[in-house]
Amino acid sequence: MGSLLLLTLTLLSLAFTATLSSQAQGIKSARLLDLVLRDNTFRYYNTKKFRTAKLYPVHLPSNLSGIKVDSVRYRCGSLARYGAKIKEFKLPIGVSIQHCAERVLLVRQNLGSNWSSIYYDNYELSGYQLISPVLGLLAYNAGDDIVTSSTPFELEFHFDKIPITIDFTNTTRLANSTSSTPGIIPLCANFERDGKVTLTQQASQNVCYAKKQGHFGLVIETPLIPLKNKRESKWKLAIGSSIGAALGAFLLGLLLIAIFAKVKKKARMEELVRRAYEEEALQVSMVGHVRAPTAAGTRTVPTIEHEYDPHNYN
């Protein structure tokens, strides 16, 4: 009975793991990923009481590992009067949110290196490479009872003069290293909802501006191979080719010598066989009116080792 229960639990665990894996593999759209993260965020808010204007990390299921989501709830009036700082995003004073009745829930996303590839696959980024994780900031309606309220829908920001500031400094080492490399200047990528990508210059090192909510990242042009490395590669290729050619010529010479020795040995054997036949050639004699080969007589006469006398044999 105990073994049967253990087997059942093991099968259920494997089935659950396969389900999570299939769900993660099934998310191929950036929009679908936003909806999944939104539902998990609102579901998480149902677990406990949350204070207004305090940032909370959202615990995601294992099939969304690699994604970091933080959320904070504001009163619409307070957000417009004081602005807000949410991780890498800084909302300026005077920001207004369309159709915000009382409270708004801001959701900050860091998709990490793995899930950011969804945006690379769904948007036209040929000739460019992401050097930072994709960061997202979205706003949803949020009443007093955030879960039992009506279905959450996305709200839009409006700015008078000062845009949103996005600081990528602490998001990736690659962004920090390339920004200090001469000749490589990252660009700000704004992934629009209609599938387009807008590239703009940085406001400062690793800092971008945005005029509305959405998803953002840093990109650089490809390829990234410096000229020095190309020269070193050509030099190494030339040396490798010379060594390979010399080795090939040496092996070819050994092969030709072996073939020549084999041919010469075969010709010598044929010559020895021919001479042996000539030395042992049969003499030709006339037998009647016919010429026929006859064998030469033996050089030694055979002798009987012991004389045989039939009269002395008993």
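All values below come from the heavy atoms of this structure, side chains included, with hydrogens, waters and symmetry mates left out.
- With sequence neighbours excluded, the residues that form a side chain to side chain contact (heavy atoms under 4.5 Å, CB included) with Asn122 are Ile118.
- From Glu88, atom CD reaches atom CD1 of Ile166 across 9.5 Å, with rounding to the nearest 0.5 Å.
- Taking the side chain as every heavy atom from C-beta outward, Lys87 and Leu137 never approach each other to under 4.5 Å.
- The closest side-chain heavy-atom distance from Phe168 to Ile131 is not below 4.5 Å.
- Atom NZ of Lys211 is surrounded by 12 or fewer heavy atoms from other residues, nucleotides or ligands within 6.0 Å.
- Annotation for Cys208 and Leu218: closest pair SG-CD2, 3.7 Å, computed over non-hydrogen atoms.
- Residues Arg75 and Thr52 come closest through the heavy atom pair N-CG2, 4.1 Å.
- Under a 3.5 Å cut-off, the side chain of Tyr74 and the backbone N or O of Ala80 do not form any donor-acceptor pair.
- Of all heavy-atom pairs between Val197 and Glu124, the closest is CG2-O, 4.2 Å.
- Remark: the backbone N or O of Ser113 is not paired with any side-chain donor or acceptor of Ser116 at under 3.5 angstrom.
- The closest donor-acceptor contact from the side chain of Asn141 to the backbone of Phe153 lies under 3.5 Å.
- Taking the side chain as every heavy atom from C-beta outward, Gln109 and Lys68 never approach each other to under 4.5 Å.
- Residues Phe191 and Leu187 share a hydrophobic cluster, clusters being chains of Ile/Leu/Val/Met/Phe/Trp/Tyr side chains in contact below 4.5 Å.
- Distance CG/Asp167 to CD/Gln205: 9.5 Å, rounded to 0.5 Å.
- Between Cys76 and Ile97, every side-chain heavy-atom pair lies at or beyond the 4.5 Å cut-off.
- Inter-residue side-chain proximity for Asn190 and Glu192 is flagged as met; some heavy-atom pair is nearer than 4.5 Å.
- Judged by distance alone, the side chain of Thr165 and the main-chain N or O of Lys90 form no donor-acceptor pair under 3.5 Å.
- Both Val263 and Leu255 belong to a single network of hydrophobic side chains, linked directly or stepwise wherever heavy atoms of I, L, V, M, F, W or Y lie under 4.5 Å apart.
- Atom-to-atom distance recorded for Leu106:CG and Leu55:CG is 9.5 Å, nearest 0.5 angstrom.
- Each of Val58, Leu138, Val107, Leu111 was compared with Leu37 under the side chain to side chain contact (heavy atoms under 4.5 Å, CB included) criterion, and only Leu111 meets it.
- Between Ser71 and the choices Tyr44, Tyr56, Tyr140, Tyr45, the side-chain hydrogen bond (donor to acceptor under 3.5 Å, both in side chains) rule is met once, by Tyr45.
- Using modelled atom types, no side-chain atom of Lys262 and backbone atom of Lys264 make a donor-acceptor pair closer than 3.5 Å.
- Minimum heavy-atom separation, Ala210 to Pro163: O-CB, 3.1 Å.
- Within the 4.5 Å cutoff, the side chain of Val69 has no heavy atoms near those of the Asn40 side chain.
- You'll find the side chain of Phe216 reaches within 4.5 Å of the side chain of Phe89, heavy atoms only.
- Leu60 and Ile27 end up in the same hydrophobic cluster when Ile, Leu, Val, Met, Phe, Trp and Tyr side chains are linked at under 4.5 Å.
- In this structure, Trp115 contributes its side chain and Ser65 its backbone to a donor-acceptor pair below 3.5 Å.
- Side-chain contact between Asn206 and Gln202 is present, with at least one heavy-atom pair separated by less than 4.5 Å.
- Taking both residues in full, the closest heavy atoms of Val104 and Ala139 are given as CG2-CB, 3.8 Å, listed atom of the first, atom of the second, then distance.
- Each of Tyr82 and Leu91 belongs to its own hydrophobic cluster when Ile, Leu, Val, Met, Phe, Trp and Tyr are linked at side-chain heavy-atom distances under 4.5 angstrom.
- If you take CG on Leu256 and CG on Leu251, they are separated by 11.0 Å, rounding to the nearest 0.5 Å.
- Rounding to the nearest 0.5 Å places CG of Asp194 at 7.5 Å from OH of Tyr123.
- Within 6.0 Å of CG on Leu32 lie more than 12 heavy atoms contributed by other residues, nucleotides or ligands.
- A salt bridge does not link Glu154 with Lys212: every distance from a Lys NZ or Arg NE/NH1/NH2 to an Asp or Glu carboxylate oxygen is 4.0 Å or more.
- Residues Ile164 and Tyr209 are members of separate hydrophobic clusters, defined by side-chain heavy-atom contacts under 4.5 angstrom among Ile, Leu, Val, Met, Phe, Trp and Tyr.
- Note on ring orientation: taking the six-membered ring where Trp is involved, the planes of Tyr119 and His215 are tilted (angle from 30° to 60°).
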